[in-house]
Amino acid sequence: MWSLIILTILSFFAYLLTDELIPKLKSLFINAGLFGIDLCKVSKEKIPEAIGVISGCVFLITILLFIPIGFGNSLMDRGNFPHNEFAELLAALLSICCMLLLGFADDVLNLKWRYKLLLPTIASLPLLVVYYVNFNSTTFIVPIPLRQFFGISVNIGLLYYIYMGMLAVFCTNAINILAGINGLEVGQSVIIAMSIIFFDFIELSGDQYKAHNFSLHIMIPYLATTLALLKHNWYPSKVFVGDTFCYVSGMTFAVVGILSHFSKTVLLFFLPQIINFLYSVPQLFRIVPCPRHRLPKYSAETDLLQASRTVISKKDMSFLTKIVLQALTLLKLVDKIEDNDSIILNNLTLINLVLIKLGPMSEIQLTKTLLIFQFFCTCIAFLIRYPMASYFYDV
Ligand code: UD1
Ligand code: MG
């Protein structure tokens, strides 16, 4: 308990430091050519990009500084040093650190999509090795209704490691593609982090105490530094967080999900990101054309955002594109305008879907709506995890 209190105090100072550093270092980023233009504003001023590297570094430094404190007692008694727990923490730090580096490289070099998928897989390898050495549990408990077919548990062996590697790829990219309006990347991460912390505190009295204690030691400094970043990224954004932040966040959530054995619960907290990913699949796999930016279209006259669109030429349309369009139309999930030669379709993101269902709105209103939805999904996640879990598992 003491270690959590000390970590919370350290994290409070990490918040203050991040809050102080961001405005001070902003100009360095602009001078280095790391800036973007806010596409939903009239003003075309340069906004520093990749500021997630500042919060990410302070987050890692906080955990590094905490190591001698957290493991202090064990250092006195070297014979009983908890090597396994230490290896877990180091693997977690290494994976997050790799993503910080790769995310920053992406912000500077604008990497291709294939690297965005490959790099998190490689960065998750240390985690998987530690998982193999410390737990190597690759067994899924089968939900009660399916037990007559599969038995109580199923050991999926190597597939479990593939699942964990894919979790890291999903978490890192899912936040990055639910983005483009002020405060959304950071806001959703703050809600997910708070949900995980709340879940950890509930479970702290259970038999998985150690795993949730580990998760809290990662999530508390993460939340503190991210809150400081949110202050500067909130509407109207004075800084952009860049892919660095999205990658660090995604990997942090994947790390706690994997090493604290609650990856399925983490996925429940990612419900809006899963919806956004599934809805985006036709564009991500180029079944429907995907422009460089899919963020909403800003109208200077009304100061409102409306769904941005993509154009499909009818003569280039494949059979698969036709099927996908028909399915989306049937489900009333698209807003399309058709003429003789082309179909104009909204870009397939959750942000645009909200705009076509609720009508044009201001940027701040849109961010708040999406964050309320994120919070609502957290409530659903807890409902599934607790009251409803007893229908599926022996709890
Ligand atoms: C992802 C999305 C892209 C979206 C972009 C916005 C996919 C496949 N890619 O691309 O559709 O447009 O994120 O972040 O879904 N920006 C703003 N306001 C904001 C945040 C960002 O205008 O609040 C703009 C700025 O010009 C900024 C740029 O987006 O420079 C950053 O985009 P970047 O993170 O490089 O895009 P991707 O992650 O590649
Ligand atoms: Mg991005």
Side-chain angles (χ1 to χ4, degrees), residues 1-12 14-15 59 62-63 66-67 69-74 77 80-93 127 130-131 134-144 152-153 164 167 171 189-227 252-271 374-395:
M1 198 63 200
W2 271 110
S3 93
L4 276 182
I5 294 172
I6 296 171
L7 182 69
T8 309
I9 296 170
L10 260 183
S11 301
F12 175 68
Y15 169 87
F59 162 49
T62 312
I63 300 187
F66 180 75
I67 287 180
I69 305 170
F71 288 87
N73 285 343
S74 315
D77 179 11
N80 289 323
F81 188 80
H83 288 283
N84 287 356
E85 285 170 33
F86 195 54
E88 256 177 53
L89 186 61
L90 291 187
L93 285 177
L127 283 184
V130 166
Y131 187 88
N134 282 3
F135 316 108
N136 194 24
S137 159
T138 51
T139 305
F140 262 118
I141 306 295
V142 177
I144 293 168
I152 293 178
S153 62
M164 288 190 289
L167 183 77
C171 290
S189 305
V190 163
I191 295 178
I192 296 172
M194 284 178 166
S195 313
I196 294 179
I197 291 178
F198 187 61
F199 176 62
D200 284 331
F201 274 114
I202 296 177
E203 291 290 319
L204 217 45
S205 52
D207 50 357
Q208 293 293 318
Y209 157 81
K210 274 198 167 171
H212 290 280
N213 193 37
F214 170 81
S215 164
L216 281 172
H217 281 79
I218 305 259
M219 291 318 301
I220 291 174
Y222 169 80
L223 179 64
T225 48
T226 304
L227 279 173
T252 307
F253 299 138
V255 159
V256 297
I258 292 172
L259 292 181
S260 303
H261 325 287
F262 58 81
S263 57
K264 280 180 284 174
T265 308
V266 167
L267 280 178
L268 284 179
F269 295 140
F270 266 75
L271 221 53
Q374 182 84 46
F375 176 73
F376 173 72
C377 288
T378 282
C379 299
I380 293 184
F382 276 107
L383 203 69
I384 295 176
R385 187 63 183 71
Y386 289 109
M388 280 170 64
S390 56
Y391 294 107
F392 298 102
Y393 294 102
D394 310 307
V395 286

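Values below: all heavy atoms of this structure, side chains included; hydrogens, waters and symmetry mates excluded.
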Taking everything shown except Phe81 itself, do over 12 heavy atoms lie less than 6.0 Å from its CZ?
-> yes
Work out which heavy atom in Ser189 is nearest to a heavy atom in Tyr222; give both atom names and the distance.
-> CB-OH, 3.2 Å
Got Ile220 and Thr62 here, is their nearest side-chain heavy-atom distance under 4.5 Å?
-> no
Of Leu223, Thr378, Thr226, the residue whose pairing with Met194 passes side-chain contact (heavy atoms from CB on, under 4.5 Å) | Leu223
Could you tell me how the ring of His217 sits relative to the ring of Phe66: parallel (under 30°), tilted (30 to 60°) or perpendicular (over 60°)?
-> tilted
Measure the CD1-CE distance between Ile196 and Met219 for me, rounded to the nearest 0.5 Å.
-> 4.5 Å
How many angstroms lie between atom CD of Glu203 and atom OG1 of Thr265, to the nearest 0.5 angstrom?
-> 8.0 Å
Closest non-hydrogen contact found for Pro221 with Ile63 is CG-CG1, 3.9 Å
Between Phe201 and Leu216, the two heavy atoms sitting closest are CE1-CD2, 3.9 Å
Report, as yes or no, whether the 6.0 Å neighbourhood of atom NZ on Lys264 holds more than 12 heavy atoms from other residues, nucleotides or ligands.
-> yes
Roughly how far, to the nearest 0.5 Å, is CE of Met388 from CD1 of Ile380?
-> 9.5 Å
Measure from the side-chain N and O atoms of Asn84 to the backbone N and O of Asn134, and report whether any donor-acceptor pair falls under 3.5 Å.
-> no
Would you call the rings of Phe270 and Phe253 parallel, tilted or perpendicular if under 30° counts as parallel and over 60° as perpendicular?
-> perpendicular
Ring geometry between Phe382 and Phe269 (parallel below 30°, tilted from 30 to 60°, perpendicular above 60°) | tilted
Between Tyr131 and Glu88, is there a donor-acceptor pair closer than 3.5 Å when you use the side chain of the first and the backbone of the second?
-> no
Are any of the side-chain heavy atoms of His212 and Ile202 separated by less than 4.5 Å?
-> no
Less than 4.5 Å apart, any side-chain heavy atom of Ser215 and any of Phe199?
-> no
Which heavy atom of Leu167 sits nearest a heavy atom of Ser263, and at what distance?
-> CD2-CB, 3.7 Å
Heavy-atom pair of closest approach, residues Ile218 and Phe59 | O-CE1, 3.3 Å
If we only count heavy atoms from C-beta on, is the Phe376 to Leu271 side-chain gap below 4.5 Å?
-> no
Could you state the interatomic distance from CG (Asp200) to OG (Ser195), rounded to the nearest 0.5 Å?
-> 10.5 Å
Distance in Å, Leu204 CG paired with Leu4 CG, rounded so as to fall on 0.5 Å steps = 6.5 Å
Phe71, CZ atom: more than 12 neighbouring heavy atoms under 6.0 Å = yes
For the residue pair Ser260 and Ala211, what are the closest heavy atoms and their distance?
-> OG-O, 2.9 Å
What distance do Tyr15 atom OH and Thr8 atom OG1 have between them, rounded to the nearest 0.5 Å?
-> 15.5 Å
State whether the number of non-hydrogen atoms from other residues, nucleotides or ligands found under 6.0 Å of Ile152 atom CD1 is greater than 12.
-> no
